[in-house]
Amino acid sequence: MSITVEDVKNALTAVIDPNTQKDFVSSKAIKNIKLDGNDIALDVELGYPAKSQIDGIRSAIVAALQALPGAGRVNPNVYVKIISHTVQRGLKIMPNVKNIIAVASGKGGVGKSTTAVNLALALAAEGASVGVLDADIYGPSQPMMLGISGRPETSDGKTMEPLENHGLQVSSIGFMIDPDEPMVWRGPMVTQALQQLLEQTNWRDLDYLIVDMPPGTGDIQLTLSQKVPVTGAVIVTTPQDIALLDARKGLKMFEKVGIPILGVVENMSTHICSNCGHTEAIFGHGGGAKMCADFGVEFLGALPLTMSIREQTDSGRPTVVAEPNGPVAQIYKDIARKVAIKIAEKAKDMTSKFPNIVIKND
């Protein structure tokens, strides 16, 4: 009995993507099924970076299809295709940046920059092309965290090349000022600097640009929401009530300006003693998860308060590159995968498909 395309689809409805928790047929990942006798070839398109996942997904699909009676060779081509997704109404996506992710917090000191850089590194580790924009004009920290120094180069006097390390393209005001020099700027200068960093950096075909936001809900946040095409925002908080109070304000601000919340990350969730390994919730417990339940957004994950995270980031080798197979790096990678999947499930950006209407006088 010969195998049909319908047989292949029926078999694959039972194969669940371990990352999206959806079967490959209903998620429309299966494409171009071709039968040659009882040999089966097909494409499996993943919308999120999945370098470490492809072999496992391929094996699961082969096993399901080889279980069909009379099945011959099975050749699934599993690949990643990251596309641009919808942004705020009235804005167009940037030409060389597919998706912009804002990493924000209501207050300072909650580990937002550490989360941003490890999120970027985790996406890059899975095969994505990733950039980091350090939008914290008053207190840029990404140059130190990524171990990058020097001045950006320019070939035309108008645009500049991003600096690079650990596979990331990076732009920061920190590359252009002395480390000890305070930024005594008023709001309009700060927002103009943000736009210049974003638009005048020669980003090279980024799948994701991670924007490390300053704390609060002020000028930069407003400029970002009105003039920068943002795919979604990640809110970073710590468990104690005072941090959650400010994080809730940040979350509501993004909702008001039409930027989807991709989820919440809780930093310093528990303290792990470097001597004895004892774990204690010194800042409280469950605050981030409760906030997510209150607002109907996803809880992306919780990170411990450990000395190693601080030491690694201060040394210019954040956790995801310093200990890529360690337990904390795995948490960052899980968070990054959830964020990428949330983005992949959003509507595709269609603005580039719309015709331009030109009115001419005859």
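Throughout, numbering of the chain's residues begins at 1 and tracks the sequence. Every heavy atom of this structure was used, including side-chain atoms; hydrogens, water molecules and symmetry mates were not.
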Self-check item: Pair Arg337-Ser52, side chain to side chain contact (heavy atoms under 4.5 Å, CB included): steps then yes or no
Solution: CA-CA 11 Å; Arg337 189 169 295 118; Ser52 68; 3.4 Å; yes
Say you draw a straight line from [atom1] of [X] to [atom2] of [Y]; how long is it, rounded to the nearest 0.5 Å?
| X | Y | atom1 | atom2 | result |
| --- | --- | --- | --- | --- |
| Ser27 | Leu12 | OG | CG | 10.0 Å |
| Lys158 | Gln200 | NZ | CD | 10.0 Å |
| Asp7 | Ile33 | CG | CD1 | 10.5 Å |
| Asn75 | Arg58 | CG | CZ | 8.5 Å |
| Ser105 | Asp212 | OG | CG | 8.5 Å |
| Ile148 | Leu168 | CD1 | CG | 7.5 Å |

Same cluster (ILVMFWY, side-chain, under 4.5 Å), [X] and [Y]:
| X | Y | value |
| --- | --- | --- |
| Val74 | Val5 | yes |
| Val211 | Met176 | yes |
| Leu197 | Met144 | no |
| Phe299 | Ile101 | no |
| Leu35 | Ile61 | yes |

Between [X] and [Y], does at least one N-O distance fall below 4.0 Å, as a salt bridge requires?
| X | Y | answer |
| --- | --- | --- |
| Lys333 | Glu126 | no |
| Glu6 | Lys9 | no |
| Lys338 | Asp334 | no |

Quiz item: Between the side chains of Asn202 and Thr159, does any donor sit under 3.5 Å from an acceptor?
Solution: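 Yes, side-chain donor-acceptor contact under 3.5 Å.
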Quiz item: Do Thr13 and Asn10 have side-chain N/O donor and acceptor atoms under 3.5 Å apart?
Solution: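 No, because no side-chain N or O of Thr13 sits under 3.5 Å from a partner of the opposite role on Asn10.
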Can you tell if the side chain of [X] reaches within under 4.5 Å of the side chain of [Y], non-hydrogen atoms only?
| X | Y | result |
| --- | --- | --- |
| Ile235 | Ile261 | yes |
| Val328 | Leu303 | yes |
| Val264 | Leu251 | yes |
| Thr238 | Leu305 | no |
| Thr115 | Ile335 | no |
| Ile343 | Tyr208 | yes |
| Asn99 | Ile82 | yes |
| Ile309 | Thr319 | yes |

For the student: nearest non-hydrogen atoms of [X] and [Y], plus distance:
| X | Y | value |
| --- | --- | --- |
| Trp203 | Pro162 | CZ3-CB, 4.3 Å |
| Ile173 | Pro140 | CG2-CG, 3.7 Å |
| Leu244 | Pro239 | CD1-O, 3.0 Å |
| Arg151 | Phe175 | NH1-O, 2.9 Å |
| Leu65 | Ala71 | O-CB, 3.3 Å |
| Ile83 | Lys348 | CD1-CG, 3.6 Å |

Do side-chain atoms of [X] reach the backbone of [Y] as a donor and acceptor pair under 3.5 angstrom?
| X | Y | value |
| --- | --- | --- |
| Asp294 | Met291 | no |
| Arg310 | Asp314 | no |
| His166 | Gly316 | yes |
| Glu323 | Val320 | no |
| Glu266 | Gly288 | yes |
| Asn118 | Tyr332 | no |
| Gln88 | Val228 | yes |
| Thr231 | His85 | no |
| Asn38 | Gly70 | yes |
| Lys227 | Gln195 | no |

Is the number of heavy atoms from other residues, nucleotides or ligands under 6.0 Å of [X] [atom1] greater than 12?
| X | atom1 | result |
| --- | --- | --- |
| Gln21 | CD | yes |
| Lys290 | NZ | no |
| Arg204 | CZ | yes |

Report all side-chain donor-acceptor pairs from residues 40-51 shorter than 3.5 Å, counting only partners two or more places apart or in another chain.
| from | atom 1 | to | atom 2 | distance (Å) |
| --- | --- | --- | --- | --- |
| Asp43 | OD1 | Asn77 | ND2 | 3.2 |
| Asp43 | OD2 | Asn32 | ND2 | 2.8 |
| Glu45 | OE1 | Tyr79 | OH | 2.8 |
| Tyr48 | OH | Asp17 | OD1 | 3.1 |
| Tyr48 | OH | Asp17 | OD2 | 2.8 |
| Tyr48 | OH | Asn19 | ND2 | 3.0 |

Exercise. Could I get the full list of side-chain contact (heavy atoms from CB on, under 4.5 Å) partners for Thr279, not counting sequence neighbours?
Key: Thr270, Ile272
Practice problem: Could you walk me through whether Asn267 and Val110 pass the side chain to side chain contact (heavy atoms under 4.5 Å, CB included) test, one step at a time? | Solution: CA-CA 7 Å; Asn267 262 336; Val110 297; 5.5 Å; no
Exercise. Report the C-alpha separation of Leu146 and Leu163 in whole Å, then their side-chain angles, then the decisive distance to 0.1 Å, and conclude whether the side chain to side chain contact (heavy atoms under 4.5 Å, CB included) test is met.
Key: CA-CA 10 Å; Leu146 283 164; Leu163 297 184; over 6 Å; no
Practice problem: Decide yes or no on side chain to side chain contact (heavy atoms under 4.5 Å, CB included) for Val230 and Phe254, but give the supporting numbers first. | Solution: CA-CA 10 Å; Val230 181; Phe254 282 113; 5.9 Å; no
